[in-house]
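Throughout, protein chains are lettered first and strands after them, A, B, ... in sequence-line order, and every chain is numbered starting at 1.
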2 protein chains.
Amino acid sequence: MTTSEVHTPRGPVTRKDVARHAGVSTAVVSYVVNGGPKKVAPATEAKVRDAIRVLGYRPNATARALKMGSNRTLGLVIPDSSNPFWALLGHAVEGAAARRGYALLLTNSDNELDTEMRHIRNFAARQVDGVVLASVVFEPDLVELEGAEIRPVLLNHSAVAPGFNSVGVDLEAGARLAVEHLIGHGHTRIGLAMGITADNNADGREAGWRKALEAAGLPEGPLARDVFDRAGGYAAGQRLLAEPERPTAIFASSDMQAIGLLRAIREAGLSVPEDIAVASFDGSIEAEYSWPALTTVEQPVWEMAEAAVSALVGETRNEAPQHRIFPTQLRVRQSCGCP
Amino acid sequence: MTTSEVHTPRGPVTRKDVARHAGVSTAVVSYVVNGGPKKVAPATEAKVRDAIRVLGYRPNATARALKMGSNRTLGLVIPDSSNPFWALLGHAVEGAAARRGYALLLTNSDNELDTEMRHIRNFAARQVDGVVLASVVFEPDLVELEGAEIRPVLLNHSAVAPGFNSVGVDLEAGARLAVEHLIGHGHTRIGLAMGITADNNADGREAGWRKALEAAGLPEGPLARDVFDRAGGYAAGQRLLAEPERPTAIFASSDMQAIGLLRAIREAGLSVPEDIAVASFDGSIEAEYSWPALTTVEQPVWEMAEAAVSALVGETRNEAPQHRIFPTQLRVRQSCGCP
DNA sequence: CACTGCGATCTACTCGAGTCAACAAAACGC
DNA sequence: GCGTTTTGTTGACTCGAGTAGATCGCAGTG
């Protein structure tokens with residue numbers, strides 16, 4: 001029994017405990033843990049490392065965050081993390097953040113502006129380093145963030161809000177791709193199952209559908225507007241099928257809507273693609289496993305997430321805001337009529 | 001122009017700025033913001049509230065967390081947040097946490113033990129108040145948490161690890177429900193498309209399938225083991241269909257596997273439920289919109305999430321760990337042969 | 001008038017870690 | 001031998017907020 005008995009602290013182990021155990025000052029512990037900013041003698045470093053291991057010391061990230069002004073955390077707001085498209089986006093953003101050593105606070109807005117603003121305010125209070133907004137977003141929200149010196153990235157479809165970073169896809173070009181493909185199959189009455197967006201009928205997908213028809217000299221087919229999920233697509237489908245002149249092809253503004261649409265078509269005793277051809281937008285896995293497999297416009301979700309995160313954590317602070325628009329790609333499967 | 005000109009601070013606004021602006025001490029600002037622990041005169045409170053509004057003060061949650069020892073954050077580890085079942089669970093946990101004023105750090109383990117442990121360590125460093133583990137989880141991991149005084153909840157299928165809180169469903173009873181329903185349709189050769197678990201062939205679903213067959217005096221059908229997603233179900237399906245004596249019904253251990261299974265069956269030129277009946281486990285929305293709609297054993301995901309979160313943030317600190325097992329419910333649709 | 005009592009407010013310390021200025025000791029040059 | 005650099009270590013201050021304990025002013029009482 002010696003007088004230099006190890007004192008096992010009861011609470012969580014702090015830097016101070018390590019310092020005492022190793023017989024050095026707290027500064028040295030810091031230097032060892034962070035490898036800087038000052039050098040430490042090898043012998044001393046060994047003592048400290050020993051003490052850390054013995055005591056099971058784990059630096060308190062909260063304290064570090066307070067001192068450094070960053071807790072290496074990003075926030076993400078999406079409408080509904082159980083919707084496969086948003087789920088994939090969330091997964092991609094989480095991955096991109098994790099790869100850079102950032103953690104991700106994920107929240108659902110349920111498409112409610114209040115909820116979204118509450119989350120944004122919460123993020124601001126928590127001093128996150130950046131926020132990826134893929135939800136409702138009205139400009140007023142963003143002011144909240146400015147005061148808190150938090151960088152936002154808009155990761156939604158229509159890139160609005162000049163002065164803020166944004167990442168999106170070329171909705172119009174993508175939609176044209178799909179509709180032109182349907183036209184290529186000989187269809188002349190092509191309907192649209194459109195989602196509901198904040199700035200209605202200003203959506204690129206709708207414009208793309210319209211322009212593709214116009215360019216081919218075709219009349220505008222029927223249009224049904226409903227929410228962006230399976231149930232919305234189902235309801236929109238029922239309305240489109242009830243049209244006096246039924247369309248022979250339908251473009252859906254999301255894969256989820258297409259899934260609901262397929263169900264509505266089947267329930268009407270019709271088959272895809274024989275009676276009605278279908279194409280949609282997003283390129284989620286579910287489109288691949290539906291019956292028939294959906295021809296869909298694929299968004300480069302992983303690249304988009306990567307771009308959004310790098311705009312937030314990059315060294316590009318105080319640079320001019322960037323607007324990145326990614327191209328889409330048509331994934332041809334069976335629902336359009338291809339073999 | 002007066003000498004008591006407002007000094008607009010350049011950095012983020014702190015309590016000190018508010019105090020100066022309102023002509024009071026920082027303590028009073030604190031009392032106003034938190035409504036305690038000491039009373040403040042109405043007139044003073046008004047001054048402070050004014051200053052807060054004018055300056056746009058937002059208390060720094062990180063500093064608060066350091067002082068209070070809690071940052072009102074929970075961690076969640078799931079295998080893959082883009083898998084619909086985990087996505088739903090994530091959504092439910094996020095909701096349950098948000099309702100209690102907690103934020104949620106979401107991470108994916110991709111079924112890799114190292115990744116999971118890295119996340120757990122990261123959670124520990126960040127001093128989260130609790131961790132919901134719905135992933136690989138070997139006991140060694142949990143030791144990490146003990147040292148950090150963080151409460152874990154195991155939210156996986158098979159409730160293991162005595163000494164830790166856990167929330168799960170009665171896998172065996174659920175599987176029996178489904179298989180017995182298939183038996184009720186007159187099937188005698190019932191196969192199993194089983195997922196791959198850490199403790200293989202100890203999974204309740206497999207046991208339930210076996211016991212239901214045994215109880216009905218039926219022979220064990222063919223069994224194919226593969227991963228818990230669409231691709232796994234597809235591969236398992238192909239193997240089951242290649243069996244010398246093809247099963248007339250198949251129970252899949254997850255909805256995702258069933259989706260892949262349906263595809264394999266269709267590609268083999270067979271139809272569901274005429275040639276092969278299918279039932280599965282989980283009760284995700286995708287099962288409702290598949291073709292044909294899947295008969296599935298529904299897990300009460302929202303209740304489970306609620307239970308998990310309340311075990312973490314509850315006042316039940318230092319109580320004996322709880323093990324909650326929820327019952328499942330059979331959702332009958334068309335894939336089993338029901339009209 | 002002195003004294004208590006009480007409500008309102010302020011001062012000062014705390015949480016745990018980062019880091020700079022200051023300093024001691026060792027190493028070097030001549 | 002003495003001055004000078006180098007190397008290693010430390011004490012002390014900081015981040016922003018919570019709150020106990022001290023202090024102040026004022027009303028009520030004997």
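When all heavy atoms are compared, the tightest approach of B:L55 to B:V13 is O-CG2, 3.4 Å.
A:K38 contributes no side-chain N or O that forms a donor-acceptor pair with the base of C:dG18 under 3.5 Å. Looking at A:K67, its side chain comes within 3.5 Å of the base of D:dT14 through a donor and an acceptor atom. In the interface, the side chain of A:R58 is not paired with the base of C:dG16 through any donor and acceptor atom under 3.5 Å apart.
For the side chain to side chain contact (heavy atoms under 4.5 Å, CB included) test, residues two or more places apart in sequence or in another chain that qualify with B:L66 are A:N60, A:T62, A:A63, A:L66.
Distance CZ (B:R15) to C1' (D:dG18): 7 Å, rounded to an integer number of Å. One atom, CG of B:L66, and another, P of C:dG18, lie 12 Å apart when rounded to the nearest Å. Rounded to whole Å, the distance from NZ on A:K47 to P on D:dT9 is 7 Å. Straight-line distance from the CZ atom of B:R20 to the P atom of C:dT9: 19 Å, rounded to whole Å. Atom CE of A:M68 is separated from atom C1' of C:dT19 by 9 Å (rounded to the nearest Å). Rounded to whole Å, atom P of C:dA17 lies 16 Å from atom CG of A:N71. The nearest whole Å value for the distance from the NZ atom in B:K16 to the P atom in D:dG16 is 9 Å. Remark: P of D:dA17 and CZ of B:R72 are 17 Å apart, rounded to the nearest angstrom.
B:N34 has no side-chain polar atom (N or O) that falls below the 4.0 Å cut-off from OP1 or OP2 of D:dA17. Contact annotation: A:T14 does not reach the phosphate of C:dG16 (side-chain N/O to OP1 or OP2, under 4.0 Å). In terms of phosphate contacts, B:T44 brings a side-chain nitrogen or oxygen within less than 4.0 Å of OP1 or OP2 of C:dT9. Taking only side-chain nitrogens and oxygens, A:S30 comes nearer than 4.0 Å to OP1 or OP2 of C:dG18. Between B:R64 and D:dG16 there is no side-chain polar atom (N or O) within less than 4.0 angstrom of OP1 or OP2.
Within the model, atoms CD of B:Q299 and CZ of B:F326 stand 11.0 Å from one another, a figure rounded to the nearest 0.5 Å.
The closest donor-acceptor contact from the side chain of B:D80 to the backbone of B:S82 lies under 3.5 Å. One N or O on the side chain of A:N108 and one on the backbone of A:S81 form a donor-acceptor pair closer than 3.5 Å.
Closest to the side chain of B:V24, out of D:dG8, C:dC10, D:dG18, is C:dC10. Checking C:dT19, D:dG16, D:dG18 against every side-chain atom of A:A27, the shortest atom distance belongs to C:dT19. Among the nucleotides C:dA12, D:dA12, C:dA17, the one closest to any side-chain atom of A:A63 is C:dA17. Nearest to the side-chain atoms of A:S25 among the listed nucleotides D:dG11, C:dA17, C:dC10 stands D:dG11. With D:dA20, C:dG16, D:dA17 as the choices, the nucleotide that has an atom nearest any side-chain atom of B:Y31 turns out to be D:dA20.
Residues B:V313 and B:D129 fail the side-chain proximity criterion, which asks for heavy atoms closer than 4.5 Å.
Taken over five-pair windows at either terminus, the axes of the helix from C:dC1-D:dG30 to C:dC30-D:dG1 are inclined to one another by 60° (rounded to 10 degrees).
B:K39 and B:E45 are not joined by a salt bridge, as no carboxylate oxygen comes within less than 4.0 angstrom of a charged side-chain nitrogen. One finds no salt bridge joining B:D50 and B:K47 here, because no Lys/Arg side-chain nitrogen approaches an Asp/Glu carboxylate oxygen to under 4.0 Å.
B:V40 comes within contact range of the sugar-phosphate backbone alone, with a heavy-atom separation under 4.0 Å but no base atom that close.
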